[in-house]
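Quantities reported herein were computed from a predicted structural model and do not represent experimental measurements. Lettering of chains follows the sequences in order, A, B, ..., and the numbering in each one begins at 1.
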Protein chains: 2
Amino acid sequence: MAQVKNNYQFEDMLQKHNLKKTAPRLRVLSMMYSKNTATSQPDLESVMNDIDRVTLYRILNTFEEKGIIHKVFDLNGTANYAVCHSDCKENHHHDEHLHFNCTACKNVYCINELNMPRLTLPAGFEPQAFTLYASGLCPKCSKKGAARVN
Amino acid sequence: MAQVKNNYQFEDMLQKHNLKKTAPRLRVLSMMYSKNTATSQPDLESVMNDIDRVTLYRILNTFEEKGIIHKVFDLNGTANYAVCHSDCKENHHHDEHLHFNCTACKNVYCINELNMPRLTLPAGFEPQAFTLYASGLCPKCSKKGAARVN
DNA sequence: AATACAAATGCAACATTATTGTATTTAGAA
DNA sequence: TTCTAAATACAATAATGTTGCATTTGTATT
């Protein structure tokens with residue numbers, strides 16, 4: 001479920017990363033923590049439509065650099081942003097989890113409850129990070145019996 | 001390595017899919033089959049700079065629908081296109097292989113020699129397709145001793 | 001070989017997503 | 001309260017992708 005945090009906690013988060021507490025940043029944090037799915041850039045932009053687009057991009061980039069959020073592209077190549085779980089450090093993400101992209105509601109879920117399989121690659125390849133994508137129906141949409149694509 | 005095919009074979013491919021044999025299509029096929037990596041949309045566009053951009057997009061979409069190529073987004077969300085291996089049918093891709101994105105040369109390799117691990121997801125999720133991404137150094141770049149990012 | 005027609009291309013216009021530079025505003029320290 | 005670096009807002013531009021339509025072309029048919 002969505003991690004519930006209050007405004008004081010968001011202010012602490014910013015402070016810990018040496019970021020100024022500004023209204024746009026707090027709103028972005030509040031929105032992202034209120035959901036249990038990643039948020040697409042278009043969604044963010046329409047919800048935060050009174051914040052300048054460029055400011056939004058810069059906030060997202062800053063948060064990503066600081067390890068507060070991570071970016072994940074969905075099956076359509078659309079950028080989605082999700083809050084990182086605990087062990088992401090600055091410029092050093094640990095987002096090697098499964099990203100589940102629902103084909104009906106389009107939501108992207110970060111599934112941390114699953115450990116990534118370590119694979120052996122053909123000779124010569126030196127992998128540093130893995131990400132696994134799955135697509136299909138999420139619990140909500142499969143319950144609706146929806147094979148339909150919205 | 002790159003699959004070597006001649007122009008007659010490309011013409012056959014088009015014919016088998018009920019596509020007209022046109023110069024732009026043959027050139028796209030020729031380019032994509034000459035490589036052992038996926039080709040990014042920007043690369044395609046600069047190499048095929050005398051073909052109309054829209055035509056190129058439409059050719060790629062058509063080829064994808066017909067199961068001739070598949071689209072894969074790299075770690076930067078850039079669209080890349082790669083030739084499908086044998087068992088892709090129209091509107092029904094079997095591209096559940098590992099995509100390896102080299103952080104140095106940026107190339108995307110389709111690694112078919114690896115079978116996808118089947119994973120058990122949390123209750124409610126109904127996965128229909130999996131794709132695995134890895135990033136790191138490809139054989140060429142790791143040989144160069146290049147941890148550098150171009 | 002000429003014709004006819006659907007399919008494919010080329011062109012124009014536009015939409016969306018993202019970046020860069022700079023002026024203005026503001027959070028937080030002094 | 002003042003000062004300054006940081007953050008935001010605004011303007012301009014780049015990159016990527018889509019839609020509609022006129023023109024051209026591959027190919028089936030005569």
Do A/Thr37 and A/Val108 make a side-chain contact, defined as non-hydrogen atoms from C-beta onward lying under 4.5 Å apart? no
I want to verify a distance call: between D/dC10, D/dT19, C/dG28, whose nearest atom is closest to the A/Lys21 side chain? C/dG28
Starting from the 5' end of DNA chain C, give me the residue, B/Ile51 or A/Glu45, whose nearest nucleotide shows up first. B/Ile51
So what does A/Arg58 hit on the nucleic acid, given a heavy-atom distance under 4.0 Å: a base, only sugar-phosphate, or nothing? base
The Watson-Crick or G-U wobble partner of D/dT18, with both key distances under 3.5 Å, is C/dA13
Report which part of the nucleic acid B/Gln41 touches: base, sugar-phosphate, or nothing (heavy-atom distance under 4.0 Å, all strands). sugar-phosphate
Ranking D/dT18, C/dT19, D/dA9 by distance to the side chain of A/Tyr57, first place goes to C/dT19
Under 4.5 Å between any side-chain heavy atoms of A/His99 and B/Tyr133, yes or no? no
Regarding the side chain of A/Arg25, the nearest nucleotide among D/dA7, D/dA9, D/dG20 is D/dA7
Ring-plane angle category for B/Phe10 and B/Tyr33, please: parallel below 30°, perpendicular beyond 60°, tilted otherwise. tilted
Report the nucleotide, chosen from D/dT18, D/dA7, D/dA9, that has the shortest atom-to-atom distance to any side-chain atom of B/Asn61. D/dT18
For C/dT9, take OP1 and OP2 only and decide whether either is under 4.0 Å from a side-chain N or O of B/Thr22. yes
A/Lys20 has a side chain; which of C/dA12, D/dA7, D/dC10 sits nearest to it? D/dA7
Proximity to the side chain of A/Ala79 - top-ranked nucleotide from D/dT8, C/dA18, C/dC11: C/dA18
Of the candidate nucleotides C/dT19, D/dA7, C/dG10, which contains the atom at the shortest distance from the side chain of B/Asp52? C/dG10
